[in-house]
Amino acid sequence: MVPADFVFLILATLIVACGFVVVFHSKIIYSAFALLFSFFGVGGIYILLNADFLAGTQLIVYVGGISVLILFGILLTKKIYNLTTEETSTQKIIGGATSLAFLGALAALIFNTDWQIVTTTQEFTPQTLEIGKAFMGNFILPFELAAILLLVALIGAVIIGRDEKKEEI
Amino acid sequence: MVPVSLYLFLSVVLFSVGVVGVLTRKNAIIIFMSIELMLNAVNLSLITFSRMHGNLDGQLLVFFVMTVAAAEVAVGLAIIIAIFKKKDTVNVDEMNLMKW
């Protein structure tokens with residue numbers, strides 16, 4: 001067994017196990033922490049796939065940003081973390097069966113397709129330079145649009161999230 | 001070298017776990033986190049395809065998906081917490097003000 005295979009197995013187990021904790025744990029705070037580790041594992045898989053820039057971005061945006069935002073949202077809101085919602089068993093059965101059928105169909109599709117692999121190089125090639133050139137070249141318009149989208153979302157989140165009682169300034 | 005189909009299978013398993021969360025849970029924050037799991041699964045498959053073809057376009061698309069996900073988390077979490085402050089619930093069945 002090559003070390004890379006071993007790392008893949010560990011990361012895949014981590015990701016899927018943490019995914020199950022996110023979905024099935026009754027305490028929301030455990031779900032949020034499991035989500036953090038699941039994001040971390042996905043970042044590790046990105047490194048295995050030779051995507052170094054995106055692995056760093058995953059760590060900064062998902063692990064450092066989104067997970068921490070969700071944790072802060074849960075922890076700073078009074079009593080939101082020990083709310084329980086009971087699910088009906090019909091919903092569980094129908095939902096579970098639907099997603100199992102979905103999983104089966106896509107897995108059959110994946111393992112029966114003859115994937116055409118173009119690259120065969122094994123060695124690591126840094127990609128940050130190429131990605132930077134693409135963003136400043138062909139993809140400059142979507143890049144700027146993403147910046148505007150982030151600004152709009154930031155202002156919107158502040159306006160929605162602030163306390164409405166302190167309106168008079 | 002791990003075969004490409006295994007990466008795709010991991011991505012599909014992660015996506016299905018997210019689908020289970022969205023379909024079976026009623027806690028809005030859990031549903032929200034399941035959506036994040038599904039976005040991650042899609043990103044994983046896009047990077048696998050990008051690696052398969054030796055082409056950067058998949059990775060650029062993942063970058064934009066991450067941007068939209070960050071925006072979605074900021075606004076979505078703000079909405080959920082605002083609803084919780086107003087109605088004292090995160091159960092999606094009770095958030096039916098706009099239901100016809």
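First the proteins, then the strands, lettered A, B, ... as listed; each starts at 1. What you see is a predicted model, and the numbers here were worked out from it, not measured in a lab.
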Visitor: Answer yes or no: does atom CZ of Phe40(A) have more than 12 heavy-atom neighbours from other residues, nucleotides or ligands under 6.0 Å?
Guide: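 Counting neighbours around CZ of Phe40(A), 12 or fewer heavy atoms of other residues, nucleotides or ligands fall under 6.0 Å, so no.
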
Visitor: Transitively linked via ILVMFWY side-chain contacts under 4.5 Å: Leu151(A) with Leu145(A)?
Guide: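 No; tracing contacts between hydrophobic side chains, which count when under 4.5 Å, never links both residues.
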
Visitor: At a heavy-atom separation under 4.5 Å, does Leu44(B) approach chain A through its side chain, its backbone, both, or neither?
Guide: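 Both the backbone and the side chain of Leu44(B) come within 4.5 Å of chain A.
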
Visitor: What part of Ala82(B) lies closer than 4.5 angstrom to a heavy atom of chain A: side chain, backbone, both or neither?
Guide: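 Interface part for Ala82(B): side chain.
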
Visitor: Contact part of Ala147(A) toward chain B, heavy-atom cut-off under 4.5 Å: side chain, backbone, both or neither?
Guide: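 The answer is neither part of Ala147(A).
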
Visitor: How about Val20(B) and Phe102(A): do any of their side-chain heavy atoms sit closer than 4.5 Å?
Guide: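 Heavy-atom side-chain distance check fails, nothing below 4.5 Å.
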
Visitor: Relative to chain B, which segment of Leu48(A) carries a heavy atom at a distance below 4.5 Å: side chain, backbone, both, or neither?
Guide: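 When you check distances to chain B, atoms from both the backbone and side chain of Leu48(A) fall under 4.5 Å.
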
Visitor: For Ser31(A), is it the side chain, the backbone, both or neither that has a heavy atom under 4.5 Å from a heavy atom of chain B?
Guide: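 Both backbone and side chain of Ser31(A) come within 4.5 Å of chain B.
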
Visitor: Can you tell me which of Cys18(A), Pro142(A), Gly65(A) forms the most heavy-atom pairs within a distance under 4.5 Å of chain B?
Guide: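 With the most close heavy-atom pairs to chain B, the winner is Pro142(A).
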
Visitor: Answer with side chain, backbone, both or neither: which region of Leu6(B) has an atom nearer than 4.5 Å to a non-hydrogen atom of chain A?
Guide: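 Both parts, backbone and side chain.
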
Visitor: Sort Leu35(A) into side chain, backbone, both or neither according to what part of it lies under 4.5 angstrom from a heavy atom of chain B.
Guide: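 Looking at Leu35(A), just its side chain touches chain B.
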
Visitor: Out of Phe49(B), Phe15(B), Phe63(B), return the one with the most heavy atom pairs under 4.5 angstrom to chain A.
Guide: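 Answer, by heavy-atom pair count under 4.5 Å with chain A: Phe63(B).
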
Visitor: Looking at Leu97(B), I'd like to know if its CG atom is crowded, meaning that more than 12 non-hydrogen atoms belonging to other residues, nucleotides or ligands lie closer than 6.0 Å.
Guide: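 No, CG of Leu97(B) has 12 or fewer neighbouring heavy atoms, counting only those of other groups under 6.0 Å.
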
Visitor: I want to check something: taking the side chain as every heavy atom from C-beta on, are Ile28(A) and Met33(B) in contact at a cut-off of under 4.5 Å?
Guide: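 Yes, at least one pair of side-chain atoms sits under 4.5 Å.
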
Visitor: With only heavy atoms counted, which part of Phe24(A) is less than 4.5 Å from chain B, the side chain, the backbone, both or neither?
Guide: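 For Phe24(A), backbone and side chain are both near chain B.
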
Visitor: Does the side chain to side chain contact (heavy atoms under 4.5 Å, CB included) test come out yes or no for Val42(A) and Asn43(B), once each step is laid out?
Guide: CA-CA 9 Å; Val42(A) 173; Asn43(B) 282 352; 5.9 Å; no

Visitor: Counting only non-hydrogen atoms closer than 4.5 Å, does Ala69(B) touch chain A with its backbone (N, CA, C, O), its side chain (CB onward), both, or neither?
Guide: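 Backbone plus side chain of Ala69(B), per the 4.5 Å heavy-atom cut-off to chain A.
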
Visitor: Identify the heavy atoms of Ala51(A) and Ile47(B) that sit nearest to each other, and give their distance.
Guide: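 Shortest heavy-atom contact: CB-CG2, 3.9 Å.
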
Visitor: If I take atom CD1 from residue Ile81(B) and atom CD1 from residue Ile74(A), how far apart are they, to the nearest 0.5 angstrom?
Guide: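 The CD1 atom of Ile81(B) sits 8.0 Å away from the CD1 atom of Ile74(A).
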
Visitor: Find out whether Leu39(B) and Tyr62(A) are in side-chain contact, i.e. whether some heavy atom of one side chain is under 4.5 Å from a heavy atom of the other.
Guide: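 In short, these two side chains touch, coming nearer than 4.5 Å.
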
Visitor: Is there a donor in the side chain of Asn40(B) and an acceptor in the side chain of Gln58(A), or the other way round, less than 3.5 Å apart?
Guide: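 Yes - a donor-acceptor pair under 3.5 Å links their side chains.
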
Visitor: Between chain B and each of Ala157(A), Ser38(A), Gly96(A), Ala134(A), count heavy-atom pairs under 4.5 Å; write down the option with the most.
Guide: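 Among the listed options, the one with the most contacts to chain B is Ala157(A).
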
Visitor: Please classify the contact of Asp57(B) with chain A as side chain, backbone, both or neither, using a heavy-atom distance under 4.5 Å.
Guide: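 Answer is side chain: those atoms of Asp57(B) sit under 4.5 Å from chain A.
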
Visitor: A side-chain contact here means heavy atoms from C-beta on lying under 4.5 Å apart; do Val23(A) and Val22(B) qualify?
Guide: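 No. Closest side-chain heavy atoms not under 4.5 Å.
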
Visitor: Could you tell me whether the side chain of Val16(A) reaches within less than 4.5 Å of the side chain of Leu10(B), counting heavy atoms only?
Guide: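 The answer is yes; the side chains approach within 4.5 Å.
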
Visitor: Please answer: with hydrophobic residues joined when any side-chain heavy atoms are less than 4.5 Å apart, are Phe33(A) and Leu75(A) in the same cluster?
Guide: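 Yes: a chain of side-chain contacts under 4.5 Å links Phe33(A) to Leu75(A).
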
Visitor: Select one option (side chain, backbone, both, neither) describing which atoms of Glu36(B) are under 4.5 Å from chain A's heavy atoms.
Guide: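 For Glu36(B), the contact with chain A is made by backbone and side chain together.
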
Visitor: What part of Ile79(B) lies closer than 4.5 angstrom to a heavy atom of chain A: side chain, backbone, both or neither?
Guide: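 Its backbone and side chain both get close to chain A.
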
Visitor: Ile35(B) and Phe37(A): same hydrophobic cluster, using ILVMFWY side-chain contacts below 4.5 Å?
Guide: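 No: no chain of side-chain contacts under 4.5 Å links Ile35(B) to Phe37(A).
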
Visitor: Looking at chain B, which one of Leu54(A), Val152(A), Ile15(A), Ile70(A) has the largest number of heavy-atom pairs inside 4.5 Å, strictly under?
Guide: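 The residue among Leu54(A), Val152(A), Ile15(A), Ile70(A) with the greatest pair count is Leu54(A).
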
Visitor: Find out whether Lys26(B) and Gln91(A) are in side-chain contact, i.e. whether some heavy atom of one side chain is under 4.5 Å from a heavy atom of the other.
Guide: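 Answer yes - side chains close enough.
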
Visitor: Within a radius of less than 6.0 Å around CG of Asn138(A), do more than 12 heavy atoms belonging to other residues, nucleotides or ligands occur?
Guide: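 12 or below, so no.
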
Visitor: Contact part of Phe9(B) toward chain A, heavy-atom cut-off under 4.5 Å: side chain, backbone, both or neither?
Guide: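 Contact with chain A involves both backbone and side-chain atoms of Phe9(B).
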
Visitor: Could you state the interatomic distance from CG (Leu49(A)) to CZ (Arg51(B)), rounded to the nearest 0.5 Å?
Guide: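 Here the interatomic distance stands at 7.0 Å.
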
Visitor: With the side chain counted from C-beta on, respond yes when Leu106(A) and Leu8(B) share a heavy-atom pair under 4.5 Å apart, and no when they do not.
Guide: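 Counting from C-beta outward, Leu106(A) and Leu8(B) never come under 4.5 Å.
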
Visitor: Are there more than 12 heavy atoms of other residues, nucleotides or ligands under 6.0 Å from atom CZ of Phe135(A)?
Guide: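 For Phe135(A), atom CZ is crowded (more than 12 foreign heavy atoms under 6.0 Å).
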
Visitor: Go through the atoms of Leu150(A) and report whether side chain, backbone, both or neither lie under 4.5 Å from a heavy atom of chain B.
Guide: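 For Leu150(A), side-chain heavy atoms alone lie under 4.5 Å from chain B.
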
Visitor: For a quick test of reading the model, state the closest non-hydrogen atom pair linking Val61(A) to Met66(B) and the distance between them.
Guide: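 It is CG1-O, 4.4 Å.
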
Visitor: Can you tell if the side chain of Ile94(A) reaches within under 4.5 Å of the side chain of Leu23(B), non-hydrogen atoms only?
Guide: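 Of all side-chain heavy-atom pairs linking Leu23(B) with Ile94(A), none is under 4.5 Å.
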
Visitor: If you round to the nearest 0.5 Å, how far is CD1 of Ile160(A) from CD1 of Ile80(B)?
Guide: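 Answer for the CD1-CD1 pair, Ile80(B) versus Ile160(A), is 11.0 Å.
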
Visitor: Once rounded to the nearest 0.5 Å, what's the spacing between atom OG of Ser5(B) and atom CG of Leu109(A)?
Guide: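 Result: 11.5 Å between the selected atoms.
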
Visitor: For residues Ser99(A) and Val19(B), report the shortest heavy-atom separation together with the two atoms involved.
Guide: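 Nearest heavy atoms, Ser99(A) then Val19(B): CB-CG1, 3.7 Å.
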
Visitor: Which atoms of Phe143(A) come close to chain B, meaning under 4.5 Å heavy atom to heavy atom: side chain ones, backbone ones, both, or neither?
Guide: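 Backbone plus side chain of Phe143(A), per the 4.5 Å heavy-atom cut-off to chain B.
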
Visitor: Is there a path of hydrophobic side-chain contacts, each under 4.5 Å between heavy atoms of I, L, V, M, F, W or Y residues, that connects Phe72(A) with Val90(B)?
Guide: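 No: no chain of side-chain contacts under 4.5 Å links Phe72(A) to Val90(B).
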
Visitor: Please tell me whether Trp115(A) and Tyr7(B) form a close aromatic pair, meaning their ring centres lie under 6.0 Å apart.
Guide: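 They do not qualify: ring centres at least 6.0 Å apart.
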
Visitor: Between chain B and each of Leu100(A), Leu154(A), Ile45(A), count heavy-atom pairs under 4.5 Å; write down the option with the most.
Guide: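 Result: the option with the highest number of such pairs is Ile45(A).
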
Visitor: Which bit of Thr98(A) is near chain B, if near means a heavy-atom gap under 4.5 Å: side chain, backbone, both or neither?
Guide: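 Thr98(A) touches chain B through side-chain heavy atoms alone.
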
Visitor: Which atoms of Phe111(A) come close to chain B, meaning under 4.5 Å heavy atom to heavy atom: side chain ones, backbone ones, both, or neither?
Guide: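 Only the side chain of Phe111(A) comes within 4.5 Å of chain B.
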
Visitor: Mind checking whether Phe139(A) and Met136(A) sit in one hydrophobic cluster, side chains of I, L, V, M, F, W, Y counted as touching below 4.5 Å?
Guide: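 Same hydrophobic cluster.
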
